[in-house]
Chemist: 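The following block contains the structure, expressed as structure tokens.
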Amino acid sequence: MAGVKGRSGGPRENAGGSRPGAGRKPAKPKKSKAKAYQTTDPDEFLRALMADPNADFKDRMAAAMALKKSGKEVGPLGKREQSQQAAQALVSRSLAPSAPPTRPRLVAVK
């Protein structure tokens with residue numbers, strides 16, 4: 001039927017609908033490395049995500065920042081961090097309150 005919307009062309013199985021097989025093809029299923037990330041420890045999970053070369057860079061960067069903020073070190077300390085820790089240990093030792101002096105216990109003799 002010429003001139004009627006949705007009715008141009010020959011007869012089809014789904015009259016007025018799309019042609020079979022037309023349109024975008026479905027995406028291929030993505031392979032998941034979920035087995036590598038199965039752990040109950042969040043730090044291990046973040047380290048696994050950070051070490052995964054197939055993970056998105058932004059996700060890897062976010063994992064590294066989260067590990068850094070948690071206070072647990074990701075790798076070995078550099079010279080600056082080692083000197084800062086040594087200085088903090090020295091200050092905490094020198095400014096720490098000392099134990100009160102002990103007095104000998106006097107026992108009454110009869």
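Only a predicted model underlies this, so the values are computations on that prediction, with no experimental measurement involved.
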Chemist: When rounded to the nearest 0.5 angstrom, what is the spacing between CG in D43 and CE in M50?
Modeler: 10.5 Å

Chemist: What is the minimum heavy-atom distance between E81 and G78, and which atoms define it?
Modeler: OE1-N, 3.1 Å

Chemist: Enumerate the residue pairs fulfilling ring pair (Phe, Tyr, Trp, His ring centres under 6.0 Å) with a member in residues 76-110, sequence neighbours excluded, ordered by first and then second residue.
Modeler: none

Chemist: What residues form a side chain to side chain contact (heavy atoms under 4.5 Å, CB included) with A55, not counting sequence neighbours?
Modeler: Y37, L49, D52, R60

Chemist: Among residues at least two apart in sequence or on other chains, which ones pass side chain to side chain donor-acceptor pair (under 3.5 Å) with E44?
Modeler: T39

Chemist: For F57, what are the other residues in its hydrophobic cluster, where any two members join if their side-chain heavy atoms are less than 4.5 angstrom apart?
Modeler: M61

